[in-house]
Amino acid sequence: MRRRTATTLATLGVAALLAGCGSGGTTAASSKDPNKPLEVWTRSTEATAKVYEKIFKSFTEKTGVQVDYKPIFNDFDKQVQQRAASKDLPDVVITDTGSLGNFVKQGWTTEVNKDDIAGGGDIVDRAWNNGKGADGKFYAIPYSTQAMVTLIRKDWREKLGKPIPTTWEELDDLARAFTRNDPDGNGQNDTYGMLVPGTTDRGYLAWWAASYIWQGGGDILEDEGDGKFRVGIDSPESTKAVERLRKLFCDDKVMQPGSLTLGTNDAHPLFESGKSGIYLTGPYMIGRFDKSVGKDKYEVVASPKGPAGATVLGEGENIYQMAGSAKTADQKKLAEYLITPEAQQAGMKGDPQPVVRLPVNKSVDVNATYKDPRWATVAGVYSSEARPFPSVPNFAPFRQKTSETLNSIFAKCPADSSAELKTLAEALKKELENQKASK
């Protein structure tokens with residue numbers, strides 16, 4: 001197996017991108033050599049790349065198929081665009097389900113026949129939905145699923161005599177206490193209640209805020225059935241949920257300073273270094289935080305309930321068999337291997353971070369593999385409370401516009417956020433019309 005070194009690529013101009021592979025356009029890669037190794041990209045940090053390397057090595061040993069592996073974290077989407085514009089996409093891409101709509105729209109990923117995938121029948125139905133496009137067809141094979149959970153500094157909470165929060169009121173009270181009551185006992189005013197990856201890059205702030213909007217009974221887009229949606233971001237319930245978050249940012253000031261420019265990779269160290277005590281994030285951080293924070297110093301709990309319950313974002317990672325490949329048989333072999341119990345368990349046992357959080361293969365036992373009740377909590381949240389973003393043709397613009405508006409509200413702290421949400425709603429309505437997804 002060979003591994004490429006990631007290079008920094010210049011930002012792709014829109015005109016060049018559209019000329020290279022517009023919506024529905026071909027990305028045939030005539031320059032592809034069928035004798036070269038299978039080129040595989042993952043959206044990975046250095047730690048998770050090491051887990052993938054072991055999995056791909058095992059795949060090569062079993063099949064003889066050589067893998068040219070390229071892990072990328074920064075500018076992942078830009079680098080995919082660059083390769084698409086040159087009509088030379090990698091053979092396989094493993095990345096989050098949020099990329100599905102754009103990949104399908106651009107014609108970058110190929111359609112999947114579920115019945116033709118060895119082991120496809122072993123994938124749980126709910127996970128298969130992660131690969132389903134707005135037209136009801138499948139364009140990716142699910143690899144991993146997850147649900148957002150709330151991580152809390154247990155030692156801080158116990159020092160202040162606070163209960164594990166089960167409601168918004170208790171969560172907000174704990175955030176204020178972490179900010180004002182010196183939970184680390186160092187005599188300094190240097191701790192904060194909540195850590196938020198609030199950057200607008202890839203719409204991260206909307207990723208974080210969506211769970212709280214849903215818990216308040218609101219929505220970004222409301223499903224009307226038959227592939228049609230209506231905008232819900234300016235509903236009374238959504239507005240009230242956003243107002244609660246605005247208050248935490250602007251009035252109570254319990255959010256980690258600088259949150260509105262933080263990406264996830266920059267946010268994690270702030271929880272590790274004892275700056276923030278509450279973090280709504282993915283369970284993939286458990287292994288890392290066990291080592292850096294200490295397993296006994298923090299706890300993993302289901303999100304406290306809002307007025308409408310405890311719904312949280314639940315998505316995952318997909319295997320995309322990219323268009324234009326000269327190695328379609330090997331694409332399929334790799335996808336089929338990655339969903340086997342052996343590969344799924346190898347991904348779950350990644351140290352310090354798993355690349356398979358919850359398995360998509362129904363024969364893999366979460367409790368037997370992890371032997372950790374915290375992962376049982378994650379599995380329980382996924383099965384009972386998690387929901388994905390809606391299956392519009394491409395959710396990325398909705399997520400991006402929502403993130404930008406929320407970032408503005410939390411930065412500027414207007415007395416009332418309803419006006420900005422109404423302006424956002426009009427923009428989202430136009431996007432729904434453009435995607436032909438509104439009634």
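Bear in mind that the values here come from a model prediction, so they are computed numbers and not experimental data.
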Step-by-step side-chain hydrogen bond (donor to acceptor under 3.5 Å, both in side chains) determination, Glu420 to Thr405: CA-CA 7 Å; Glu420 292 197 51; Thr405 295; 5.7 Å; no
Verdict with reasoning, Asp290 to Arg374, per salt bridge (charged side-chain N to carboxylate O under 4.0 Å, His left out): CA-CA 12 Å; Asp290 279 357; Arg374 298 173 302 174; 2.7 Å; yes
Stepwise side chain to side chain contact (heavy atoms under 4.5 Å, CB included) check, Val392 with Asn394: CA-CA 5 Å; Val392 291; Asn394 184 11; 5.8 Å; no
side-chain hydrogen bond (donor to acceptor under 3.5 Å, both in side chains) assessment of Tyr192 paired with Ser259: CA-CA 11 Å; Tyr192 295 89; Ser259 284; over 6 Å; no
Asp252 and Arg246: CA distance, side-chain angles, deciding distance, salt bridge (charged side-chain N to carboxylate O under 4.0 Å, His left out) verdict: CA-CA 9 Å; Asp252 293 338; Arg246 184 199 61 77; over 6 Å; no
Step-by-step salt bridge (charged side-chain N to carboxylate O under 4.0 Å, His left out) determination, Lys430 to Glu433: CA-CA 5 Å; Lys430 291 180 181 177; Glu433 293 170 359; over 6 Å; no
Stepwise side chain to side chain contact (heavy atoms under 4.5 Å, CB included) test for Leu313 and Arg387: CA-CA 5 Å; Leu313 180 63; Arg387 60 168 282 190; over 6 Å; no
Step-by-step side-chain hydrogen bond (donor to acceptor under 3.5 Å, both in side chains) determination, Asp88 to Ser86: CA-CA 5 Å; Asp88 185 27; Ser86 62; 5.1 Å; no
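The disulfide (SG to SG under 2.5 Å) pairs that include a residue from residues 406-439 are Cys250-Cys413, where partners are two or more places apart or lie in different chains. Sorted by first and then second residue, the disulfide (SG to SG under 2.5 Å) pairs with a member in residues 68-121 form an empty list; sequence neighbours excluded. Within the structure, the disulfide (SG to SG under 2.5 Å) test picks out no pair touching residues 340-378 (sequence neighbours left out). For residues 39-117, no residue pair satisfies the disulfide (SG to SG under 2.5 Å) rule, not counting sequence neighbours. Under the salt bridge (charged side-chain N to carboxylate O under 4.0 Å, His left out) criterion, the residue pairs touching residues 324-351 are Lys62-Glu342, Lys291-Asp351, Lys327-Asp330, Lys332-Glu336, with sequence neighbours excluded. Applying the salt bridge (charged side-chain N to carboxylate O under 4.0 Å, His left out) test to pairs two or more places apart or on separate chains, those with a residue in residues 304-319 are Glu317-Arg357.
Ionic pairing of Asp68 and Lys36 is not present here: no N-O contact between side-chain nitrogen and carboxylate oxygen is shorter than 4.0 angstrom. Classification of Lys228 and Asp226 as a salt-bridged pair fails, no side-chain N sitting under 4.0 Å from a carboxylate O. Using a 4.0 Å cut-off between charged side-chain N and carboxylate O, Asp172 and Lys247 make no salt bridge. Electrostatic pairing of Lys429 and Glu426 counts as a salt bridge here, judged by a charged N lying under 4.0 Å from a carboxylate O. A salt bridge is absent between Lys114 and Asp125: the closest approach of a Lys/Arg side-chain nitrogen to an acidic carboxylate oxygen does not fall below 4.0 angstrom. The pair Arg230-Asp219 fails the salt-bridge criterion, with no side-chain N (NZ, NE, NH1 or NH2) lying under 4.0 Å from an Asp/Glu carboxylate O.
Using a 3.5 Å distance cut-off with no hydrogens or angles, the side chains of Ser276 and Gln256 do pair a donor with an acceptor. A donor-acceptor contact closer than 3.5 angstrom is absent between the side chains of Thr60 and Gln66. A donor-acceptor contact closer than 3.5 angstrom links the side chains of Thr45 and Thr48. Judged purely by distance below 3.5 Å, without hydrogens or angles, the side chains of Thr110 and Tyr320 never pair a donor atom with an acceptor atom. A donor and an acceptor atom, one from each side chain of Trp168 and Glu170, are nowhere located under 3.5 Å apart.
Checked by atom type and distance alone, the side chain of Thr261 pairs as donor or acceptor with a backbone atom of Gly258 at under 3.5 Å. Side chain of Asn318 to main chain of Thr97: no donor-acceptor pair is present (N/O by atom type, distance under 3.5 Å, no hydrogens or angles).
In this view, Glu431 satisfies the salt bridge (charged side-chain N to carboxylate O under 4.0 Å, His left out) rule with no residue, not counting sequence neighbours. The ring-ring contact (aromatic ring centres under 6.0 Å, His included) check on Tyr370 picks up Trp375, with sequence neighbours excluded. Considering only residues two or more places apart in sequence or on other chains, Tyr279 meets the ring-ring contact (aromatic ring centres under 6.0 Å, His included) condition with His268. Partners of Phe410 according to the ring-ring contact (aromatic ring centres under 6.0 Å, His included) rule, which considers only residues two or more places apart in sequence or in another chain, are Phe249. Residues satisfying the ring-ring contact (aromatic ring centres under 6.0 Å, His included) criterion with Tyr382, sequence neighbours excluded, are absent altogether.
For the pairing with Met348, the side chain to side chain contact (heavy atoms under 4.5 Å, CB included) check across Val356, Leu358, Val51 returns one residue only, Val356. Each of Leu89, Ile94, Val80, Val92 was scored for a side chain to side chain contact (heavy atoms under 4.5 Å, CB included) with Trp41, with one residue passing: Val80.
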Can you give me every donor-acceptor pair (side chain of residues 134-143, partner residue at least two apart or in another chain, under 3.5 Å) with its distance?
from   : atom 1 : to     : atom 2 : distance (Å)
Asp135 : OD1    : Lys137 : N      : 3.0
Asp135 : OD2    : Tyr139 : OH     : 2.6

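Taking the six-membered ring where the residue is Trp, Phe56 and Tyr69 present perpendicular rings, their angle passing 60° and hence far from 30°.
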